[in-house]
Amino acid sequence: MNIEAMPTRYDASSTETKWYTAWEDAGLFQPSDDPTKPKYVITIPPPNITGSLHMGHALCYPLQDMIGRYQRLQGKSVLILPGQDHAGIATQSVVDKQLRKEGTSAAVLGREKFTERVWEWRKESGDTILNQFRALGCAFDWSRSRFTFDDEYVRAVLKVFIDWFDRGLIFKGKRVVNWDPKLKTSVSDIETERQTIKGKLYHLRYPFTDGSGEVVIATTRPETMLADVAVAVHPSDKRYDGLVGKTIRLPLIGREIPLIADLYPDPEFGTGAVKITPAHDANDYQVGVRHSLPMPVILDSEAYIKIDEVIDFADAEGRKRLESYNNLSRNEARNAVVKDLEDGGYLVKIEDHDIPIIISDRSKDIIEPLLSEQWFCDQPKLFGPVIEAVRNDEVRFHPARYKEIFLEGAESAPEWCLSRQLWWGHRIPVYTTVSGKTVAAHSWQEAETKAGEGIVSQDEDVLDTWFSSGLWPFATLGWPEKSADLDRFYPTSTLVTDRNIIKLWVARMLFMGYDLTGQKPFSDVVIYATVMREDGRRMSKSLGTGVDPMTIIETLGADALRWTLLSQTGENQELRYSERKTEDARNFCNKIWNATRFVLMNCTATETLQAPPASDLEKIDQWLLSRLHATEIAVRTAYERYDIQSACQALYRFFWSELCDWYIEISKPRLNDEARREVPQWVLLTALEAFLTMLSPIMPHLTEELYSFLPISGKAAFLMSNAWPELPAEFAQDAVEAEIERTFDVVRALRALRASVDLAAMKTVPAVYFEGDLGGNASIVTSQGWAERLEAGKPEGKFVSATAGGVDLHLPIEGLVDKEKELARLDKEQTKLLDEITKLSLRMENPQFVERAKPEVVERERANLADLNDRLAKNAERRKLL
RNA sequence: GGGCGGUUAGCUCAGUGGUAGAGCACUUCGUUCACACCGAAGGGGUCACAGGUUCAAAUCCUGUACCGCCCACCA
């Protein structure tokens with residue numbers, strides 16, 4: 001490397017692409033073939049093919065890359081397997097939206113043409129996000145990339161469905177589910193959002209059939225009363241003593257419905273009586289099941305009134321009314337029903353009320369709880385081994401608090417609605433025979449063979465996306481085939497994901513893994529923080545509050561962005577992003593660049609250096625190596641605990657403060673001296689190699705570039721394939737650290753003293769005097785305090801003084817001392833000293849403290865007090881000299 | 001309603017029993033031959049509040065307030 005050619009600014013963009021290509025060409029993204037190496041495996045959370053990079057991704061994927069890079073340095077054979085999720089509903093609605101822009105739609109095209117169209121779209125732009133992971137520097141094994149619609153993957157999905165169907169773990173049932181009337185499908189909870197809107201609470205009069213009075217109920221959805229099948233009260237509610245069992249005539253319709261007792265109604269709320277509409281409310285549905293009530297549906301799949309299931313139970317007048325409501329929208333029906341209730345004298349009152357609604361993420365339409373026939377999976381049964389494994393820490397969560405959160409969810413898991421009324425997804429492999437039997441099979445032919453009779457149809461629905469993603473850790477490795485990869489890489493090591501999908505995805509992978517492979521799919525689950533804006537608000541594309549990571553990468557670099565996010569990653573549940581922080585990170589990159597440039601300028605010897613004999617090392621060399629040793633331990637233990645922010649803190653402090661601010665500055669005189677330069681050269685190169693290696697998981701590009709310049713022996717082909725530093729135990733020297741820190745205190749005091757008399761930093765003064773013991777470190781004080789020489793004793797003439805680290809410093813003053821300024825400085829010091837002395841004396845005079853506190857604490861405080869008193873006395877003396 | 005996390009310098013955050021820390025921002029000084037995306041010095045905090053435990057509490061316990069998230073949602 002021609003050092004003169006190194007610019008004084010680090011250029012991230014050219015460096016980053018250069019090295020990414022080099023690593024990939026060298027095959028470094030694939031696991032090592034060496035069978036003796038322990039393995040480390042991550043299957044990344046497959047992003048949706050519709051996905052585009054956001055700040056959450058910019059944290060999640062580099063975090064996995066960083067863990068992988070660290071494990072690789074630890075000598076492991078690392079596989080990080082990437083891929084993508086077909087993301088049924090998300091993709092279908094994106095493509096459908098495109099079609100609508102073109103004046104057509106999925107419905108017009110039909111199932112087959114539509115699916116073809118989605119495939120086309122995927123080929124065009126489905127890989128965008130994976131390419132963005134490359135820009136972030138993610139060392140993923142692209143040769144093993146998987147898609148949940150790969151042929152082998154589809155086979156795995158079907159096999160699981162068929163096996164579980166045959167074992168009775170998957171079954172068809174009628175339940176109230178989240179229904180999206182716009183997309184006309186059931187949706188999972190994660191695809192919905194709960195909101196509260198201002199609405200009305202309608203109080204309605206429901207008369208008894210025998211004319212003996214009435215029950216008043218309250219509802220926010222009056223239009224659903226058309227499908228009411230009962231009114232429920234709490235059994236302990238005295239107001240309804242003796243009334244339960246009576247029959248009510250449903251207003252407008254004339255249907256006769258019972259007054260029943262159930263634990264569901266809250267006697268505190270309203271009149272304590274609840275109308276029961278089992279087909280359109282999840283709670284009502286449960287009541288309906290308990291009391292074997294009919295469950296008529298009055299809304300169609302687009303949420304328009306549909307009367308055929310209720311019409312037969314209405315009286316003549318009721319039928320006429322129902323006809324008038326038929327095909328009205330939810331809102332129209334509400335208005336009509338309320339008007340008719342009012343006209344009929346059934347409306348008691350209308351109150352303002354906050355009503356909870358569920359919004360579909362994709363369509364933004366209001367979710368309708370709707371009774372429909374769907375496929376379900378018996379999750380509660382499958383959760384058994386998982387609950388045990390998590391409880392026993394066979395699978396560990398980081399941060400650990402998610403363990404309890406997970407267990408609570410797992411223990412109360414409901415049945416899992418598997419079916420979606422979409423076209424983009426794995427079609428449910430259930431076939432109906434001529435005789436009406438159902439059979440699950442891989443194909444039409446297999447179904448016929450299995451059933452022993454002709455098949456008339458296949459189920460139209462597709463599977464919930466999470467069913468296929470649940471197989472991710474093993475289906476990507478070839479399961480159910482006994483493939484070499486499955487044998488070699490399963491179970492995987494760590495799963496990194498967002499806390500929002502613990503139940504939806506992590507839980508499914510766990511029980512699918514245990515049931516289907518008999519092993520845990522991974523050992524550790526790492527939950528990372530949500531990336532927020534600096535003001536604490538969410539980053540949201542629709543609100544325009546997002547920051548595009550690609551723009552940041554282009555202007556400030558992927559390494560700077562990685563540092564920004566990873567250096568804020570620990571056990572926190574959110575972090576705040578601002579571009580300013582990435583500018584700081586960019587500055588850190590530049591500092592590393594320039595410090596390395598400086599070292600290279602000072603290590604121009606053609607042959608590489610050997611470690612000097614220990615006796616050649618000065619205290620300051622020993623100090624830096626000791627700090628390096630401590631930093632290595634801090635960084636390694638922090639990485640192991642996924643406490644990335646602590647690792648970053650240790651690296652930052654070591655590099656900027658210890659290596660740059662102190663060691664390099666102190667070493668400059670030796671580096672400029674031919675005869676003495678070898679030791680600091682060796683120390684700098686040793687520290688730099690270790691530092692760059694330790695930092696490389698977080699800033700892979702910059703560190704790789706600088707490593708390539710280092711004139712050291714035994715270099716790895718790439719820093720990425722280097723080994724984690726193994727530092728000799730002799731590097732650790734606590735006593736040297738303490739001694740040097742004390743010397744730095746003296747230097748700081750001298751600099752402050754100079755500043756107090758307006759002496760510019762770095763402006764050399766002829767002499768500084770001192771009293772006390774500087775050990776062998778006087779030269780540090782001289783050079784770092786910018787003095788030509790240091791002399792023992794007190795100077796002649798005027799001077800100002802300071803005390804630190806047990807040393808008195810005297811700085812001669814030319815001309816007059818600025819008395820007022822000096823007095824002010826001494827006053828300030830005196831106030832501070834007196835304050836501390838008072839506090840400390842009180843403590844020392846407390847016999848309880850002396851008796852009960854640890855002896856070393858008492859001893860330390862005693863010494864402190866003596867020192868403070870000593871400094872107070874000196875302060876007084878210095879006043880007299882003014 | 002239940003659970004979890006948070007509240008420390010102007011901002012963003014470290015700090016789990018022994019004299020309050022970092023980065024940024026701010027003030028003053030400085031372009032000296034690694035770096036002005038830099039260096040030196042400095043100002044700035046009764047650690048949300050109230051009790052308690054302890055010789056000693058930002059730190060442990062109890063309660064309160066506010067912010068955020070999750071779960072269950074009262075029709």
- prompt: Does CZ in A:R334 sit with more than 12 non-hydrogen atoms of other residues, nucleotides or ligands closer than 6.0 Å?
  reply: yes
message: By the 4.0 Å heavy-atom rule, please label A:R586 as base, sugar-phosphate, or nothing.
response: base
field: Point-to-point distance, once rounded to the nearest 0.5 Å, from CD of A:Q195 to CD1 of A:I197
entry: 8.0 Å
field: Comparing A:T8 and A:R194 on RNA chain B - which has the more 5′ nearest nucleotide
entry: A:T8
statement: In whole angstroms, the gap separating C1' of B:C33 from CG of A:D673 amounts to 17 Å
task: Just compare B:A34, B:G68, B:G42 and give me whichever is closest to any side-chain atom of A:I664.
output: B:A34
Rounded distance in Å - CG (A:L671) to P (B:A34): 10 Å
Whole-angstrom distance between B:G39 and B:A34, as gauged at atom P: 13 Å
message: Output the rounded distance in Å from CZ (A:F406) to C1' (B:G5).
response: 20 Å
task: Among B:A34, B:G3, B:A75, find the nucleotide with the atom closest to the side chain of A:P356.
output: B:A75
message: Parallel, tilted or perpendicular, judged at 30° and 60°: which one describes the rings of A:F691 and A:F588?
response: perpendicular
query: How does RNA chain B read in dot-bracket, base by base from 5' to 3', with Watson-Crick or G-U pairs under 3.5 Å and | used when the partner is on another strand?
result: ((((((((.[[[[.)..(..]]]].(((((.......))))).....[[[[[..)....]]]]])))))))....
message: Classify A:R401 by what it touches in the nucleic acid, base, sugar-phosphate, or nothing, heavy-atom distance under 4.0 Å.
response: sugar-phosphate
- prompt: In whole angstrom, what separates A:L688's CG from B:A34's C1'?
  reply: 12 Å
- request: For A:K403, report the nucleic acid contact type (base, sugar-phosphate, nothing); a contact means any heavy atom under 4.0 Å.
  value: nothing
message: Would you measure the distance from the P atom in B:U8 across to the matching atom in B:U59 and give it in whole Å?
response: 14 Å
- request: Nearest-nucleotide wise, let me know which of A:E408 and A:V850 is further upstream toward the 5' end of RNA chain B.
  value: A:E408
- request: Answer with base, sugar-phosphate or nothing: what part of the nucleic acid does A:C589 contact at a heavy-atom distance below 4.0 Å?
  value: nothing
message: Work out how far the P atom of B:A58 is from that of B:G52, and round it to whole angstrom.
response: 15 Å
query: Do the non-hydrogen side-chain atoms of A:V233 and A:D262 ever get within less than 4.5 Å of each other?
result: no
task: Kindly indicate whether the side chain of A:R205, heavy atoms from C-beta on, has any atom under 4.5 Å from the side chain of A:P251.
output: no
- prompt: So what does A:K668 touch, heavy atoms closer than 4.0 Å: a base, only the sugar-phosphate, or nothing?
  reply: base
task: Report yes or no: is there a donor-acceptor pair, N or O only, under 3.5 Å between the side chain of A:Q784 and the base of B:A40?
output: no
task: Please say whether more than 12 non-hydrogen atoms of neighbouring residues, nucleotides or ligands are located less than 6.0 Å from CD in A:E856.
output: yes
Between B:C4 (P) and A:K503 (NZ): distance, integer Å: 14 Å
message: Between A:E583 and A:K581, does the salt bridge (charged side-chain N to carboxylate O under 4.0 Å, His left out) criterion hold? Intermediate values first, please.
response: CA-CA 5 Å; A:E583 282 168 15; A:K581 288 179 182 173; over 6 Å; no
field: A:A752 side chain, from C-beta outward: closest of B:A41, B:A75, B:C73
entry: B:A41
- prompt: A:F598 ring centre to A:K668 NZ or CZ under 6.0 Å, with the angle to the axis within 45°?
  reply: yes
- line: Here the gap from A:R677 atom CZ to A:L684 atom CG, rounded to the nearest 0.5 Å, amounts to 11.0 Å
field: Listed nucleotide nearest any side-chain atom of A:M762, set B:C73, B:A41, B:G39
entry: B:G39
- request: Examine distances only and state if a side-chain atom of A:E368 and a backbone atom of A:H280 form a donor-acceptor pair shorter than 3.5 Å.
  value: no
- prompt: P atom, B:A9 versus B:G44: distance in rounded Å?
  reply: 15 Å
- prompt: If you measure from the P atom in B:G21 to the same atom in B:U46, how many Å do you get, rounded?
  reply: 15 Å
query: Nearest to the side chain of A:E665, which nucleotide is it out of B:A34, B:G43, B:A41?
result: B:A34
- prompt: Which part of the nucleic acid does A:R499 contact within heavy-atom distance under 4.0 Å: base, sugar-phosphate only, or nothing?
  reply: sugar-phosphate
task: Under 4.0 Å between any heavy atoms, over every strand shown, what does A:H353 touch: base, sugar-phosphate, or nothing? Just pick one.
output: sugar-phosphate
statement: Reading nucleotides 12-24 of chain B from 5' to 3' and marking B where a protein heavy atom lies under 4.0 Å of the base, S where only the sugar-phosphate is that close, and - otherwise, the string is SSS---BB---SS
message: Just to be sure I understand the rule, does A:P847 reach a base, reach only the sugar-phosphate, or reach nothing, if contact means heavy atoms closer than 4.0 Å?
response: nothing
field: Nearest-angstrom distance from the residue atom CZ of A:R334 to P of B:A75
entry: 12 Å
- prompt: For B:C38, does either OP1 or OP2 sit under 4.0 Å from a side-chain N or O belonging to A:N590?
  reply: no
- request: Would you indicate whether the side-chain heavy atoms of A:M225 and A:D228 approach each other to under 4.5 Å?
  value: yes
message: For A:T277, is there any backbone N or O sitting under 3.5 Å from a side-chain donor or acceptor partner on A:D284?
response: yes
field: C1' spacing across the pair B:A14 / B:C73, given as an integer number of angstrom
entry: 38 Å
query: Hey, does A:N283 reach any base, or is it just sugar-phosphate, or nothing, if we go heavy atoms under 4.0 Å?
result: sugar-phosphate
- prompt: Picking from B:A40, B:A34, B:C37, which would you name as closest to the side chain of A:N594?
  reply: B:A34
- line: Per atom distances to the A:N500 side chain, the nearest of B:A41, B:C70, B:A36 is B:C70
- request: Determine the interatomic distance between C1' on B:C29 and the same-named atom on B:U16; round to the nearest Å.
  value: 40 Å
field: Atom pair distance, as rounded to whole Å: CD in A:E571 and P in B:C4
entry: 15 Å
field: By salt bridge (Lys or Arg N to Asp or Glu O under 4.0 Å) - contacts of A:R9 (at least two apart)
entry: none
- request: Between B:C69 and B:G45, how far apart are the P atoms? Round to whole Å, please.
  value: 32 Å
- prompt: How long is the line joining CH2 of A:W593 and C1' of B:A36, in whole Å?
  reply: 18 Å
